[in-house]
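Computed from heavy atoms alone, side chains included, the values below leave out hydrogens, waters and symmetry copies. Remember, it's a predicted structure, so these values are computed and weren't measured experimentally.
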Amino acid sequence: LQLNAGYYYVSPNGNDANSGSFSSPWKTLSHACTVANTPGNIIFVNEGNYYVVQSLYLSVGVSIEGEGLTSRIISNIPDAPVFILESPNGTDGSQHISGIQIDGNNQPLGNAILIKGRSNVKISKSFFTNFKLGAPYYSLGTHYNEYVIEIINSSGGVEIDHNEIDGGIRAFYCHKNEYEYALQIHHNRIGKASMGAEPEVGIYVCDIDGLEVKNNYFRNLATQIILSSYASTKLMNIFIFNNVMFNIGVTSGDWYGSG
């Protein structure tokens, strides 16, 4: 089944045998992400709780919208992303995720969103809560399922704005190409509700050309921003300004913290 471009709806009281219309919504996000796969489709998440037990693959050009905190997606996935936006390098995503809550359910690992290979993706006005780690200073060697939002091999145009993020953002190998920036991060609240014993990071980037970080509020983190490179990588066109960094450090006392 392939749908025409437009809005389709999910509701806890829906049924996956329905049409997905406003008056006849689907029940599960897994069904919605499978069926609504035409560029321009928007899956609207009605108020309610949605438990997911496997990662949701979002097709190119398909977006997610909701009603804010009350559109709550709860992860029962122990070590994988909730949403995966993955394509060959250089793919234009032309999509957004906005107005939802993704609850990590304090799983030992796992993240909210993995963007791999896609450009032109916007994440805004959403809430990312209850991520047990979400931004470890020391990588656990578990690939790309440690930070709340992970971006890998993007060709630019990724924007993360006006979110509340219980953890951090990590990006590898992102270049701006024809876009103004590879990655823009602005007007977010990033970090934990209270300081923890383990060091965590707000934003970690490695090999990036075109980064703008502005007007964010960082809290209760050991390190707010890390810029990293190796012999074969680069850091270029980086702009960081007008950010607030509050309560830097860890509770254990053996890490002083840094901006």
Side-chain angles (χ1 to χ4, degrees), residues 68-69 72-75 81-83 97-115 121-140 142 144-152 158-172 174 181 183-206 208 211-228 238-259:
L69 270 172
R72 184 174 175 229
I73 301 166
I74 303 167
S75 174
V82 175
F83 285 103
I97 295 175
S98 66
I100 60 171
Q101 177 186 177
I102 301 181
D103 186 333
N105 203 18
N106 289 308
Q107 298 287 341
L109 284 172
N111 48 1
I113 299 172
L114 170 63
I115 302 169
V121 177
K122 182 179 176 69
I123 301 169
S124 66
K125 299 177 183 177
S126 293
F127 303 84
F128 302 91
T129 59
N130 297 318
F131 284 87
K132 186 173 182 180
L133 287 177
Y137 185 89
Y138 300 107
S139 175
L140 303 176
T142 52
Y144 302 113
N145 62 349
E146 297 174 349
Y147 280 60
V148 173
I149 300 172
E150 301 258 14
I151 307 110
I152 306 108
V158 175
E159 184 176 7
I160 302 171
D161 67 282
H162 295 90
N163 304 284
E164 293 197 15
I165 302 171
D166 180 20
I169 301 162
R170 182 165 63 178
F172 291 95
C174 299
Y181 294 99
L183 176 60
Q184 290 177 285
I185 304 171
H186 63 92
H187 295 93
N188 302 283
R189 182 184 293 266
I190 300 172
K192 296 294 189 174
S194 59
M195 185 180 288
E198 297 297 325
E200 295 191 63
V201 180
I203 297 171
Y204 181 104
V205 297
C206 178
I208 192 164
L211 171 67
E212 183 182 61
V213 180
K214 66 178 182 181
N215 298 323
N216 299 286
Y217 181 84
F218 297 89
R219 60 177 182 168
N220 299 315
L221 296 163
T223 302
Q224 321 310 298
I225 301 170
I226 293 179
L227 307 175
S228 177
I238 294 172
F239 305 91
I240 300 172
F241 56 95
N242 290 350
N243 299 284
V244 174
M245 302 175 180
F246 172 76
N247 214 25
I248 298 171
V250 295
T251 58
S252 61
D254 57 1
W255 186 279
Y256 293 101
S258 60

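Minimum heavy-atom separation, Gln224 to Arg219: OE1-N, 4.3 Å. Nearest approach of Ala171 to Leu183, heavy atoms of both residues: CB-CD2, 3.8 Å. Contact record, Asn215 with Asn243: N-OD1, 3.3 Å, taken as the closest heavy-atom pair. Closest approach of Val82 and Ile102 over heavy atoms only: CG2-CG2, 3.9 Å. Heavy-atom minimum distance, Phe128 versus Ala112: CD2-CB, 3.5 Å. Minimum interatomic distance between Ile160 and Ile151 (heavy atoms only, all atoms of both residues): CD1-CD1, 4.0 Å.
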Practice item. Kindly indicate, with the supporting measurements, whether the criterion side-chain contact (heavy atoms from CB on, under 4.5 Å) is fulfilled by Glu159 and His186. Key: CA-CA 8 Å; Glu159 184 176 7; His186 63 92; 2.6 Å; yes

Practice item. Before giving the answer on side-chain contact (heavy atoms from CB on, under 4.5 Å), spell out for Ile203 and Val201 the whole-Å C-alpha distance, their side-chain angles and the decisive distance to 0.1 Å. Key: CA-CA 6 Å; Ile203 297 171; Val201 180; 5.7 Å; no

Check your understanding: Which is it for Ile169 and Val148 under the side-chain contact (heavy atoms from CB on, under 4.5 Å) test, yes or no, and what are the steps along the way?
Key -> CA-CA 6 Å; Ile169 301 162; Val148 173; over 6 Å; no

Practice item. Walk me through it: do Ile225 and Met245 pass the test side-chain contact (heavy atoms from CB on, under 4.5 Å)? Key: CA-CA 10 Å; Ile225 301 170; Met245 302 175 180; 4.0 Å; yes

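In this structure, Asn220 contributes its side chain and Lys192 its backbone to a donor-acceptor pair below 3.5 Å. Counting only distance, with no hydrogens or angles, the side chain of Asn111 and the backbone of Tyr147 share a donor-acceptor pair below 3.5 Å.
Side-chain atoms of Ile123 and Ile115, non-hydrogen and from C-beta on, do get closer than 4.5 Å to each other. Using a 4.5 Å cut-off on side-chain heavy atoms (C-beta onward), Asp103 and Ile73 make no contact. Here the side chains of Ile152 and Leu114 are in contact, with some heavy-atom distance below 4.5 Å.
Interatomic distance, CZ of Phe127 versus CG of Asp166, reported as 13.0 Å (0.5 Å rounding). In this structure, CG in Asn130 is found 9.0 Å from CD1 in Ile74, a value given to the nearest 0.5 Å. Interatomic distance, Tyr204 OH to Leu227 CG, rounded to the nearest 0.5 Å: 10.0 Å. Taking CG of Leu221 as the start and CG of Asn247 as the end, the distance is 9.5 Å to the nearest 0.5 Å. Atom CZ of Arg189 is separated from atom CD of Glu164 by 5.5 Å, given to the nearest 0.5 angstrom. Here the straight-line distance linking atom OH of Tyr181 with atom CD of Glu212 works out to 4.0 Å at 0.5 Å rounding.
If you check the side chains of Asn188 and Asn216, you find a donor sitting under 3.5 Å from an acceptor. A donor atom on one side chain and an acceptor atom on the other are found under 3.5 Å apart for Gln101 and Thr129.
Using cut-offs of 30° and 60° on the angle between ring planes, the pair His187 and His162 is parallel. Between Phe246 and Tyr217, the angle of the ring planes stays under 30°, which puts this pair in the parallel group of the 30/60° scheme.
For Lys125, the NZ atom counts as loosely surrounded, since its 6.0 Å shell holds 12 or fewer non-hydrogen atoms of other residues, nucleotides or ligands.
Checked options Ile190, Val205, Asp161; the residue passing with Ile185 is Ile190 (criterion: side-chain contact (heavy atoms from CB on, under 4.5 Å)).
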